[in-house]
Every structure is written in C-alpha cells, then in structure tokens.
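Note that ligands are numbered from 1 as they come in the structure, with each ligand's atoms numbered from 1 the same way.
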Amino acid sequence: MAVVHDPYEEAKKQLRQTIDLLGLSEEIYEILAVPERLVQVRLPVKMDDGTVKVFIGWRSQHNSALGPYKGGVRYHPETNVNEVIALSMWMTWKNSLAGLPYGGGKGGIRVDPHKLSPGELERLSKAYFEAISDIVGVDQDIPAPDVYTNPQTMAWFFDQYSRIKRGQYFGVVTGKPVELGGMETRIIATGFGTAVAAREVANKLWGGVAGKTVAVQGYGNAGYYAAKFLHEMGAKVIAVSDSRGGIYNPEGLDPDDVKKVKNETGSVINYPKAVKKLTNEEILELEVDILVPAAIENVITEENADKIKAKAIVEAANGPTTPEAEEILTKKGIVVVPDILANAGGVIMSHIEWVNNRMGGWITEEEAKTRLEQKMVNNFLKVWDYWQNKLDTTKYNMRAAAYAIAVDRVVRAMKLRGWI
Ligand code: NAD
C-alpha cells in the first residue's frame, strides 16, 4: 500500500532538521512550527441552478518577521488545512531564501473548479476574498495564483478588495492580468527561473547545460516553460509528461511543438514525433542528466528513490521529494536543487509586480526578466557555496543549505524585532 504523506508533518520534519543543524533552541522550533494565524472560512455560494453550495477555505499566515505574508491561493478538491499550513511554511523559507521583504502565507479552497461555471467561480472567489479581507492588504498579506487559480481569479480578488476598501489596491494581489497591473513576464517566471537554476547546476556539475538530457514531469505552466527555456539554452529535452502519461524521443523534443499538440488535443501523449510512450513512474526513472518534477508533491518517495537515474533533480513542483527519498538520493550522490530555490521565479516576479504597482507602473518587461535571472543566479550560488563550504555534502543535500540560509534569516529578523 502506498505511504500517505502529510505535508505539514514533512514541513515540520524539515524545520526540525534545520533547527538541529543550526544549533538553535527548542523555543525557536516551537515558534516556527505553528503559523502565526490560521483562518478558516465558510463560503456559501449561489449556484447557477438556484441552489446554495457551501465551500470551506483557509488562509494560513505562517510568519511575518521579514514582512507582509506572501503566497498563493489553491483551488483543489483535496486541499486540506494541513496542506495549506505546510505550503505557508514553505513560502516563509522561499521568500527568505530569495532575499525578499516578505513573510510566508498560503490559502486554499476545497473545490473542484472544473465543475463550476465562470459565474459560480467568480462568486466563490469574491466570497473568499471578502471573508479574508480584514487580514490581507498591500502591506499585510499579498495572495497570488497557485494550482487551478489564475490571473482572472486575481482580478476578482483585486476587484472585491478594492470595492470593500473603497480604493484601487493593485498591490493586494500579484499574478494579475496585464490590464490590471500585472506583468507579462509573470507567466514565464517560474519555469524560466527553474531553467536558470538547472543551467546553474549544470554549470557546476559539467561546465554547461548544452547537450545535457532533460526529463520534465508535468507540462503545465511551470513544466512547459522550464522545458522551453532549457531547450533554448541548448539542453536536450528527451521526455515530458502530463496527468495522462509521458512521451520520449532520445533525439530531443521541441517543447513549443509539444505544447501546440497538448493545446489542440488535451495531452502531450498525442504528440506524433515521440518514439515511445511512458508512464509517469517511468519518466521519473529515466536515464537523464536532469530531472524536473513539475506536477504535484510526493512523487519521489522511498519506494522509487532507489530507481532514479538522473544526476540532478531540479524541483519545479512544491514538495515533490519526500525526506526519506532525499536521504536515499543523497547517498547515491544525486544533487537536488530544492523547490524553495528552483521554483522561486514566480514569487520573485510577484515581488517585481508588487514594487511596480507601488511605483505606478515604472518597470519594463525587459528589466523584470533581467532582474529575475540575476536573482535566480545569485540565490543558486549562495546555496551552492553554503552547501559546498559549510556542510558535509555526502550527508546533506542542497536542501539543507537552502533551509539553513532561509531559517537563519527569519530567526535573525525575529531576534532584531525582539520576538525571541
Ligand atoms: P499547472 O496546473 O499549470 O500544471 C500542472 C501539470 O501537471 C499539468 O500538465 C498536469 O497535467 C500535470 N499533472 C497533474 N497531475 C499529474 C500527475 N499525477 N502526474 C504527472 N503530471 C501531472 O500547474 P503549475 O502552475 O505548473 O504547477 C505545477 C507545480 O509547480 C505545483 O507543485 C506548483 O505548486 C508548483 N509551482 C508553480 C508555480 C507557478 O508560478 N505556476 C510557482 C511555484 C511552484
């Protein structure tokens, strides 16, 4: 039977390991293991047929030592409170590691958005934002898109908040449509950032990414753009997958061509130039230089870690590798570029959008992309150097270094504020 993983338990385990590594006190663990504030909201929504359906949503505000809470809102039928708390804790570390002036937060609604009409989704989104309107704000908590939410959802959030507060508060959410203060570059940001992180690890391991083979699990926003930019950087993307399965061509796939087929037919598996189809388990176990998990959490577990043949794993998805699996990967010498580093491009671009909103729209798309790339490179090098110089690399993977840097910055901010 498959092992069930509770993301909150895993997030606490990672925190515990970092506290021990940094030699910090038990009281610091106690403070950081629990969100500062956790809100549950009940959302009755009038459906198109006149009935009322009740949905449950959450906003977890994990830590604000470094600034306002920041993190996405997820709409998913299996979202639960522990997942939302874990994701909010990961946002604290991601924002801290990226050097952003943000704490960590995350929200979610337990709903299958595909079963709702656009009108029902609008009413649900506006009900959610109204319910949390007193705890969000430009300098308080700034939500953004996550799984199954998008710029349209952010437009509804922004409108609802602006209506309630009687103003135009563009900076209350990021990932907005361009017409409402969003950046064009937001759409590519996570995947582009992941590709930059993959290029940097390839530079360290092999002196460059050109000609290196890549497999990408998940072909949505993060996975497609990671594949596209790695292809442009000269890497050979030999396998990609989505929820219906994967495709393989040892000569390399053209990511844009594959995306076109996915858009037209609903899945990458209909791509005609593939030589073989793969299951989602097989794509993870493929012989490649770089594996990019870009779908869901907990896909690399103690059950398959031993079979992974990639030399580097660059985590576009949040939490794709369980701690037990990582121990096995570390023993095998597989380098893991952790999610809080590899998929930070989205939140880094969100920060640029938020700054731009406060400046009345001053930053160009070109400046935004250049800044994102610089930040990804600097962050990668910061973590790599810490890992190489301060840790035993046969015992610890890059994640330990990323967490050490991130937790240390939050703890220093808490000390300066006099919280501890
Ligand atoms: P998305 O909905 O655009 O794409 C998800 C992709 O994964 C789809 O192609 C889907 O078919 C595929 N998928 C779903 N279940 C699968 C399964 N069991 N096996 C294989 N493929 C499966 O989502 P996204 O925005 O690309 O997010 C993907 C991951 O990246 C999530 O973990 C998300 O939290 C993380 N992430 C995304 C962003 C962002 O800005 N988009 C930022 C940070 C982290």
Option with minimal heavy-atom separation from atom 3 (O) of ligand 1, where the choices are Asn221, Ile340, Ile283, Val268: Asn221
For the pair Phe170 and Phe158, name the ring-plane relationship: parallel under 30°, tilted 30 to 60°, perpendicular over 60°. parallel
Kindly indicate whether a cation-pi arrangement holds for Arg16 with Tyr29, taking the cut-offs as under 6.0 Å to the six-membered ring centre and within 45° of the axis. yes
Which residue holds the protein heavy atom closest to atom 26 (O) of ligand 1, what is that atom called, and what is the gap in Å? Ala222 N, 2.8 Å
Identity and separation of the nearest protein heavy atom to atom 31 (C) of ligand 1: Ala295 O, 3.3 Å
Provide the number and element of each atom of ligand 1 under 4.0 Å from a heavy atom of Asp146. 34 (O)
Judged on heavy-atom distance to atom 38 (C) of ligand 1, which of Thr190, Val299, Val347 sits nearest? Thr190
Which atoms from ligand 1 have a heavy atom of Asn280 less than 4.0 Å away? 19 (N), 20 (C)
Reported CD1-to-CE distance for the pair Ile340 and Met89, which is rounded to 0.5 angstrom: 12.0 Å
Name all residues meeting the salt bridge (Lys or Arg N to Asp or Glu O under 4.0 Å) criterion together with Asp242; count only those two or more places apart in sequence or in a different chain, and write none if there are none. Lys262
Please report which non-hydrogen protein atom sits nearest to atom 36 (N) of ligand 1, along with the residue it belongs to and the distance in Å to one decimal place. Ala316 O, 3.8 Å
Arg186 touching ligand 1 at heavy-atom level, < 4.0 angstrom: yes
Please state whether Arg74 comes within less than 4.0 angstrom of ligand 1, counting heavy atoms only. yes
Side chain to side chain donor-acceptor pair (under 3.5 Å) involving Lys13 - partner list, sequence neighbours excluded: Glu324
